[in-house]
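Remarks on the structure that follows.
First listed ligand is number 1; within each ligand, the first listed atom is number 1.
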Amino acid sequence: MSASQTPALADLQAQATAAPEHHDAFWMPFTANRQFKKSPRLLASAEGMYYRSTDGREILDGTAGLWCVNAGHGHPHIVQAIQKQAATLDYAPTFQMGHPLPFVLAERLAKLAPDPLKHVFYTNSGSESVDTALKIALAYHRVRGEGQRTRLIGREKGYHGVGFGGISVGGMVNNRKFFGPMLPGVDHLPHTLDIARNGFSRGLPAHGAELANELERLVALHDASTIAAVIIEPVSGSAGVVLPPEGYLRRIREICDKHGILLIFDEVITGFGRVGEAFAAQRFGVVPDLITTAKGLSNGAVPMGAVFATSAIHDAFMHGPEGAIELFHGYTYSGHPLACAAALATLDVYEGEGLFQRAIELGPYWEQAIHALKDLPNVVDIRNFGLVGAVELAARPEGAGLRGYEVFNRAFFEQNLMVRCTGDVIALSPPLILNKEHIDRIFDRLAATIRATA
Ligand code: PXG
């Protein structure tokens with residue numbers, strides 16, 4: 001088909017909306033395909049805080065897409081940067097070749113990251129960032145002559161993407177149980193969700209720092225000399241927003257230091273302003289050895305991820321003959337020109353509009369607004385931190401997840417609101433450009449939906 005024969009985008013969208021037979025070929029990710037295709041939720045365009053559905057409704061985005069559109073949708077500065085870059089340099093390799101943008105971007109990113117995480121390795125997604133960080137951790141110990149440190153430690157309820165490394169250290173049962181034995185030599189810390197002790201906490205829960213001591217138990221079991229790294233989401237999103245108890249992350253850091261174990265923060269969700277600083281590491285005052293990112297890095301506009309490494313880790317590889325490749329790892333699209341252009345423009349917007357501070361400025365209002373839902377039917381817990389929130393609902397007697405899904409679906413069709421559901425937890429993570437009116441609107445609409453679903 002020649003370009004002149006290509007159907008206009010609007011025509012394609014109309015076709016897809018009107019004709020369910022066109023929906024069969026796309027095997028949708030993390031979706032109940034047969035259910036979705038009977039009553040599709042289709043988005044056609046987006047601007048600022050709103051999507052527009054294919055049936056013409058304005059949908060308030062309570063989740064920044066999938067936790068990624070922190071600067072809001074269709075920001076003209078980001079759009080123009082991508083358009084310009086596509087017309088200037090569409091693709092260039094970064095294996096034994098280069099182009100200026102990833103260097104410029106890495107320098108800017110290194111300035112945002114906490115000291116001493118001053119080196120950046122590019123990926124295309126959170127899953128790739130996680131597998132990259134795990135591989136760097138293993139290789140780091142090996143290049144230093146401690147190649148017996150191969151064990152990786154994750155957590156129950158952890159989500160670290162869907163690569164084999166990520167699901168091995170992850171702790172979401174459905175993401176693991178179908179896929180065989182995964183990586184060997186992995187162990188898990190307990191999760192920190194404790195509704196009985198911490199229910200309806202505002203911000204960080206008070207109880208549970210002692211759960212970090214479980215790491216000492218794993219060290220005693222396996223011996224520190226076999227353990228390469230611990231990976232933790234400072235605030236976990238996918239498991240339904242699980243927050244670190246006060247003092248927990250600091251304690252994990254101390255135990256890692258004591259035993260020479262690397263600490264990886266998976267900041268795919270918390271990176272780029274979600275909790276009021278560029279990184280959760282800064283908000284919590286706990287500095288890991290590696291940070292994984294994606295999502296907000298490029299505002300979701302072009303896929304991109306990045307792993308931040310300390311100078312100590314990076315420099316450990318910079319030995320041997322100068323002509324030798326130091327790390328046998330990378331992706332065809334590492335440092336892709338369009339992704340770099342999108343990320344550079346996104347950083348301009350974050351800085352120019354002061355978006356990293358928004359979660360601090362709006363945090364108290366957000367907290368007040370979400371906790372006002374406490375007395376609605378079936379609400380069993382409410383959790384919040386930065387511009388993240390979760391409302392946990394009692395499961396329907398007929399099965400776990402049914403009520404959560406119904407709220408999510410009704411919010412979309414009846415209240416023009418996009419939320420996420422994980423089981424019976426409704427999660428919220430709006431674009432950071434939102435204002436108090438948007439917050440009121442999100443929780444008015446969510447409250448109406450929860451009432452309607454009682
Ligand atoms: N780590 C963390 C902490 C994540 O939250 C990934 C890694 C994987 O990223 P990619 O880019 O490979 O998907 C994630 C992704 C949700 C939801 O609504 C969360 C994610 C993805 C999709 C949905 O909870 N997080």
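Using modelled atom types, no side-chain atom of Glu267 and backbone atom of Glu233 make a donor-acceptor pair closer than 3.5 Å. In this structure a side-chain-to-backbone donor-acceptor pair under 3.5 Å is present from Glu128 to Asn124. Of the possible polar contacts, none joining the Arg155 side chain to the Ile232 backbone as a donor-acceptor pair under 3.5 Å is found. Without hydrogens or angle criteria, Arg445 side chain to Phe412 main chain gives no donor-acceptor distance under 3.5 Å.
At the shortest separation from atom 22 (C) of ligand 1 among protein heavy atoms lies Leu66 CD1, 3.6 Å. The single protein non-hydrogen atom nearest to atom 16 (C) of ligand 1 is Trp67 NE1, 3.1 Å, given as residue, atom name and distance.
Heavy-atom contacts of Ser125 reach the following atoms of ligand 1: 11 (O), 12 (O) (cutoff under 4.0 Å). For ligand 1, the atoms lying closer than 4.0 Å to a non-hydrogen atom of Glu233 are 3 (C). The atoms of ligand 1 that sit less than 4.0 Å from any heavy atom of Asp266 are 1 (N), 2 (C), 3 (C), 7 (C). Atoms of ligand 1 lying under 4.0 Å from at least one heavy atom of Ile269, given by number and element, are 5 (O). Shown in contact with Arg420 at under 4.0 Å from a heavy atom are these atoms of ligand 1, numbered in order with element: 16 (C), 18 (O), 23 (C).
In this structure, Phe279 has its ring center no closer than 6.0 Å to that of Phe356. When ring centroids are compared, His336 and Tyr91 come within the 6.0 Å threshold. Between Tyr50 and His73, the gap from one ring centroid to the other reaches at least 6.0 Å.
Here Glu267 has no heavy atoms under 4.0 Å from ligand 1, in either its backbone or its side chain. Contacts between Ser127 and ligand 1 below 4.0 angstrom, taking non-hydrogen atoms only, involve backbone and side chain alike. Here Phe30 has no heavy atoms under 4.0 Å from ligand 1, in either its backbone or its side chain.
Side-chain contact between Ile291 and Val307 is absent, with no heavy atoms from C-beta onward closer than 4.5 Å. The shortest side-chain heavy-atom distance between Ser201 and Asn198 falls under the 4.5 Å cut-off.
The shortest N or O to N or O distance between Ser238 and ligand 1 is under 3.5 Å. Ligand 1 has no N or O atom lying under 3.5 Å from any N or O atom of His160, backbone or side chain. The distance criterion of under 3.5 Å between nitrogen or oxygen atoms is met by Gly126 with respect to ligand 1. For a threshold of 3.5 Å applied to N or O pairs, the pair formed by Lys295 and ligand 1 contains at least one separation below that value.
For the residue pair Asp266 and Thr292, a side-chain donor N or O sits within less than 3.5 Å of a side-chain acceptor on the partner.
The residue among Gly170, Gly161, Gly237, Ser429 with a heavy atom at the shortest distance from atom 6 (C) of ligand 1 is Gly161.
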